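All values below come from the heavy atoms of this structure, side chains included, with hydrogens, waters and symmetry mates left out. Naming: A, B, ... by sequence-line order, numbering from 1 per chain. Predicted model, so just to flag it, every value in this text is computed and none were measured.
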Amino acid sequence: MNKNHRVPSSRSLNAVEVKSKFGAEFRRFSLDRSKPGRFDEFYGLLQHVHRIPNVELLVGYADVHGDLLPINNDDNYHKAISTANPLLRLFLQRKEEADHGTFGTDSLTRKKNTVLSAVLLRPDHNKKKPPVIISLPKDFRPVSSIIDVDILPETHRRVRLYKHGQEKPLGFYIRDGSSVRVTPQGLEKVPGIFISRLVPGGLAESTGLLAVNDEVLEVNGIEVGGKSLDQVTDMMIANSHNLIITVKPANQRNNIVRSGVGGGGGAASGSSGRSSDSSASYYGYSSHSAAASIPPHIIQNFPVGELESDEDEEDLVIEAGGEAEPIRHMASNHSMSSLPRYEPHLNLRTATTSTFSINTNGTLPTSGSSSSLSNIKATTPSPDRAMERGSLEEDGPGRR
Amino acid sequence: MRAFLEVGIVLYTLVSVLGSFVKTVEHGFPHQPSALGYSPSLKLLAIGTRSGAIKLYGSPGVEFMGLHDENAAVTQVHFMPHQVELVTLLDDNSLHMWTLRGHNGLSELLEIGRFTLTGPPGVTRVTAVLAHSSGELLLLGTEGGHVFVVEVPGFRELEERNISLDQVSSSIPDDYIGRRNLEHVEALQENPVDPDQVIIGYGRGLMVIWDLEKKLAIQHIPATQQLESVCWTEDGKYILSSHSDGSYCRWMVGGQDMNEEEKSDIPYGHFPCKAISKIVQLPTEEGPPFLLFSGGMPRASYGDRHCITVIHGKTHVALDFTSRIIDFFVIRDGPQRTDPSALVVLVEEELVVIDLQTEGWPIIQTPYLVPLHSSAITCSHHVSTIPLKLWERILAAGKHQNAHYSKKPWPITGGQNLAPDPPQRDLLLTGHEDGTVRFWDASGVCLYPMYKLSTAGVFHTDADPNDNMNQGTEGEWPPFRKVGCFDPYSDDPRLGIQKIHLCKYSGYLTVAGTAGQILMLELNDEAAEQTVEAKVVDLLQGQEGFRWKGHTQLDIQEDPVMFPAGFQPFAVVQCQPPAVVTALTLHSEWKLIAFGTSHGFGLYDYQQKNSVLIKCTLNPSDQLAMEGPLSRVKSIKKSLRQSFRRIRRSRVSLRKQHLQEANARLEAELAEMELAPVQRKIEARSSDDSFTGLVRTLYFADTFLSDSSHNTPSLWAGTNGGCVFAYMLRLPSVEHRADEPVTAQLSKEIQLMHRAPVVGIVVLDGHGAPLPEPLEVAHDLARAPDMQGSHHLLVVSEEQFKVFTLPKVSAKMKLKLTAVDGSRVRRVGMAWFGSSRTEDYGESGLLVLTNQGDVHVVSLPHVKMQVQYPCIRREDVSGIASCVFTKHGQGFYLISPSEFERFSLSTRCVVEPRCLVEAPLHSGCSNQHQSQPDGASSTHRYINLEVSLFSSSKFTHFTSSALSLFNEYFNRISILHVLHITIIDML
C-alpha cells in the first residue's frame, strides 16, 4: 500500500488518479483500475493517507455529471473507480459533522443541467422540484430480493424479505389449501399452504413479489410439505427477521426470464417484472440458462446451506446501571477490527452463529476470536455443522 | 486398555442415544368405562372402555392392558370360567378372545381370536353372552331372539346346537300374551347346579329354561313386564327377574305347572319407578341372603340418582353414586366361598368397593383405579427420591384422613406382582380445581393416594356448608347413603391450584392458585389451630391506566383456623391484581419463594415474612394483560357453573349427566370459537404484543452473576416476551438471617431478539451439569457443583435453546427448533440418565416436549438434539399441557381427564407392570388351547420390552436389537436419526 502513497498519477489506462479532500487537506494517490480491491480496504487506505485512523468518515465522489455520490460499499466503490476519467475526486467528511443532505443530483453543480438529467427529468418540473435527495447509506436497506433464480425451476420464486426491525409489518396471511403435483403415478392432489391475504402497506405487499394464492413451498430452505398450517406459521414467525419463502406464484406470467434479451431482468428487480409481460417471454427461454446473463447486482446466488441466516439476531443485554448494548456478532470478513461496521448492500452471506457482547466501554472483542469465527463461517455447510463447530470453540479467546 | 476404551465409547454412544422410549403404564381410572367382568377363580377384574381398551387388574401391581384393533366400545366382558381366557363383545358386534399367556416367566395379555356372527344384523346382533362353565361353549343371545352356540376358543359355530326362536316359541303356552314377538334375548344364565340347563330371558318378559343336552324347553316363566335381568340363585331352586317398571319377581324352578311367581315386589313402589337393571341374590352361610339390585328408584323424585340397593336382613341401604352405574359384582369369601364379602361397583367415573362384612359397610380404599379427576386436575408436580423420613410423615398424615375406610385388605388378589421393588420413593403431586393438592405414591405401577391437602380452609369461600348431598335425614326413604369421591364441582374456581413446589429435604411446600394466592406450608405431625398471616403484594408498582376486570382476590380467614395434621399453611401472599400465578419456585435453603403472574414477579422471604422484591413486567400498552381476558373467559364459565349449581340446588332432579353434557357443549363451543379462523397471520413478534410481561419461569441459582471470582445467590425470571431478568441476592449470614433484610438488586436484563416466551432457565456448572437443588448438597445427595470452571446460562425459549457465558452474558451456542421444523417447546425438564450397565455412569439431558407432541432429548452442555420420539398426538392439547417430567427420564401426561400415561426414556428407570397369572389349578383344560389361531393373533402393548439397549455391549448387537424394537414402535425417520447420531459419535 505504501508504494501507492504519493505516487504521481500514472498515464497508464489501468491507473485511476485519486484526489481526496478532507477538510482543507488534499491527498493524491492512484489505484489500479482492474484491481480496485474492496471498499473496506479502500476506506482503511483513506484513513491511512489522511492520517486519521480513528475518524469515522463519509466518503463521497463527484461523478461524471458532477453529482456528489456516496461511496459506502463495494458496489458503488467499484462504480466510482470504473467511471473515473481519469481523475476520481473524493470528498471526505467526518461522520458526526456530515451534512446529510449533501448527496444528490445537482449537489455539486446546482446550476448546471447535464444532458442526461435534462432527458430524464422534464425540465419544467425540474425547475420547481427540489433536487432529488439521495439519503444516507443507513437509510438504504434492501427490503426484498429474488434469489436463487439460477437453481430454482422457473415456475418458482424464492423471495427474501428483510424485516430488520423496521416499523413496516411483514403483513401477510397464509391458509391451508390443496395443490396438484405431478408424480410418477400421475397428477395427485396434495395439501399445500397458500398466501391468503396481503395487508395493504405491509412489507409483503410493497415488494410486489408475493401475491394472494401463491403457494408456499419452502420457508428458509425447509420444505413445508407435510407440515401443518400452525407449524408453517411458527416457522415463518421464528424466521421473521430474515424470511426467505419459496413460492409458486399463482400468476405464472411474471416469471423472471432467463435470457440476455433486453432489459427484462433489470426491470424485474424493481417490482414484479413489468417487462416480462410480453408473450414472447411467457415461458422464458430455458435454453438460455447461462448465469452470466443475469445482471449480477439484481440476482444473487444464495447457497442453500446458508439459508438459515442469523444476521441481525442480536440479543440485547442490559447490565445493571449501564446502558443497553447489543450482543453484536462480528462482521466476519473485516481485516481490521477497528473498522466501523456497515451494512453491505444486499449482503446475503450468513454471519456466524455465535454472538458477542460489547463491554459497557464499547471495546470490541479481540480479533483473535473474530478470525476463529470466520474460520467457522468459511466452512459452514449447514447450520448444524456450524453449531458443532461453534461448540468446539467454547474456550476460544475473547470471552470472559 | 483398548477394550476398555471401546466399551467406554459404546457406553457414551448409547447413553447419548438413550435407547428407548416406552409408554409403560396407565395410572388412574379408565376414561369412559363401558363394561365390567370378574373371574372368581383368577380373582381378576376386567374393565372394557368405549375406546376399545380392555384392562385387567388383580392384586396391586398386577395389571394388563389390551387394545382392540377396532375402535369400538367394549359392551361386555366375560371370563371363561376357571380359565385364563376372556371374551369381549364390542359395539360392532364382534367377539374377541383374549388370553393371559406366560412368556419368560411373565404373563401377557394377547388377543387370540375374533369372531362375528354371520347373517342380517337385525337378527345376529349379539345382546347376551353366556360363557358356559364347561369352558368350551359360548352361548350368544341375539336381537332376533335366537341363541347361537359357539365352541371356543376356536369360535366354531355348532349349528346343530343353536336354539332358534321357532323351537322356543312352538312350545310356548298359547295363553301367553305376545307370544308372536318375544323380542331379543335379554339374559342368558346357567343353572348353578346343572350346567346343562340355561335360562333364556327375552325382552318381552318370557323366560325359558332350556336343556342343552336334550334340546328342549323344560319350563316357561311367563313374566309380563319388559325384562331387565335374570339371576339364578345359588341352589338352583329360584330364579329372580328384574323388570323395567322397577319390580322384581322370584320364580320357583321345578316341576309345578302353575309357573306362578312366588314373590313380586316393587321395592320403591307406589309411584312409577325406573327399571331395575340388574339383580343378584346371594346366600350366606348362616343368616338371611343378600339381595342387591341397581336402579328401581321412584322416577319422579329420585330418577336422577345412581343407586345400588343392598338388602341384608333388616339392613337396607341405597348406595348413592355420583355417576352412572356401569355394572357391579360381589366377591364372595368364607370357607365355602359363599359369603358375600365385598361389593365392587364400576360407575362411570370411579370404582367403588364396599366391605359387606364390616358393620356399616365401609368403603375399601382402592389401591389403583383411583379417580385422579375427583376434582379436575389443574397442574402436576413430580418429586423424585423422597427421603424416607418425609415419606413416612406424609403417609402418617394421610392415615389420619383415611380413618373412615375399611380395614379389610383389598379383596381382588389375582396374579403375582413380579416387578422389583421400586428403587426410590417418588411423589406425584396434583393440583385440583377445588383447591386441593393430592399426593400420590408414584414409585411403582400403582398410583396410590397418600395424602390430600385442602387449601380452601384458609379462605372464606362462597361454598355453602349445607350444600351437601351426603346428608341423609333420619327415616328418609329410600335410605340413601352417598358413596364415592368423584365430585367435579368446584365451589369457587379461584381456589384452583396452578403451581406446586415441594422441597423434599425441608418438607416445605408452596402452592399457588388462580386468584394470585401463594401459600407457604410446612409439615406438622399434629393438628394445630393457627392464624395465617397474609401479605398483599402489588405487582403493578404504580403502573398507570390499569383496571383489573377479572375476579376478585380471595378473602383470608382472620380467625384462627384448625388445621389437621399434615401440611399446614403459615404464610400467604396475595398478588394484586389477583391474576393466575404463572410461575413459582421455592428455595428452602435461602428461605425464599419467587412467584410471577401476567403482571410481574415478586420475591418473598418466608422466614421474615416480608416481601423482598417486586418487579412489574407489564408493558403499558398491553391492554389485554391489564384487563385480564383470561379471567374474563373464565368468568363466563364460572357464571355458567354457578347458575348450574343454583339449578342443582333448587331442583334435585336435574341430572348430572345433563349438566356434564351442557358443560361439554359449552367447552366445545368455546374451543370452536378459538379455532375458527383458517388463516394465520404472519407477523414478527414485537414488544407491544399482548402478555409479553407474563412471567413464565423463575429460577434460583448460586452462580457468577457479577464477576467470575465470586459466586452469589441470584434469581432469574423469564417472560413471555423473551426477556430474562437476573437479580443478585444478598442474604444475611445464618446467625442474622432472622433480623437482617434480604436484598435483591437487578444485575442483568437480556432481551432475546426472537422474543419467544422463555420457558426455562438453568445454570450449568463448570462440568456442564445443572446446578443441584437447594439442600441437596447439604444432605450429601448430590455432588457439589463445580465452581472452578466457568458457569453457563441455558435459556430455553419456546423456539430456541441458547447457552450464554457467565458472568458476561454472551451467546455461545444455540439450537433452533421452531425455525427449522415449526414445532415449539411446550414442556421442558432436566433429567439424569443413568446407564443400566454401570451404576456410576450417567449424563444430564434436557427433556423437551413440543407442541407437535414429540419428545426430544437435548444433550448438555452442547445443546445438541439427540433423539426424538412421537409421544402425544399433536391435537391432544390438554395432554401436552399436562405433561410433567421426572428427574430420571420418565414422564406423565393425561390421556383423559382421569388417567395419566407414564412413559420412560431411561433404560435404568422403567416402571412397568411385570406380573404372572397362573391358570386355576382345578382346571387342566386351560393349556390345551394354546395353539395359535391362524393369523388372528396380534400382539399388544404389554409385550415385555426385554430388549434393553444397554443389555448389549456390542454395537452390532445394539443396532439389530434396537432396530427390531424401533421398527415396531417408531417411524423410520427417527431410527435413521438415531443411527446417524450414533455413527457420527462413533467416528
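Contact of Asp821(B) with chain A is made through backbone and side chain together, with heavy-atom distances under 4.5 Å. Heavy atoms closer than 4.5 Å to chain A are found in the side chain of Glu799(B), but not in its backbone. Heavy atoms closer than 4.5 Å to chain A are found nowhere in Gln745(B), neither backbone nor side chain.
Here Arg755(B) contributes atom CZ and His241(A) contributes atom NE2; the two are 12.5 Å apart, rounded to the nearest 0.5 Å. The line from CZ of Arg680(B) to CD1 of Ile193(A) is 10.0 Å long, rounded to the nearest 0.5 Å.
In this structure, the side chains of Asp234(A) and Asn851(B) come closer than 4.5 Å at one or more pairs of heavy atoms. Residues Arg197(A) and Gln679(B) have side chains in contact (heavy-atom distance under 4.5 Å, counting atoms from C-beta outward).
Within 6.0 Å of CD in Glu223(A) there are 12 or fewer heavy atoms belonging to other residues, nucleotides or ligands.
Of the listed residues (Gln751(B), Lys748(B), Glu683(B)), the greatest number of heavy-atom pairs within a distance under 4.5 Å of chain A belongs to Glu683(B). Top candidate by heavy-atom pairs under 4.5 Å with chain B, chosen from Val224(A), Ile237(A), Val219(A), is Ile237(A).
Salt bridge status for Asp230(A) with Arg874(B): absent, with no side-chain N to carboxylate O gap under 4.0 Å.
Considering every non-hydrogen atom in both Val820(B) and Met235(A), the closest pair reads O-CE, 3.8 Å. Considering every non-hydrogen atom in both Leu170(A) and Ile682(B), the closest pair reads CB-O, 3.8 Å. Considering all non-hydrogen atoms of both residues, Ala819(B) and Ile222(A) come closest at O-CD1, 3.7 Å.
Remark: side-chain polar atoms of Glu749(B) are not paired, donor with acceptor, to backbone N or O of Val317(A) under 3.5 angstrom.
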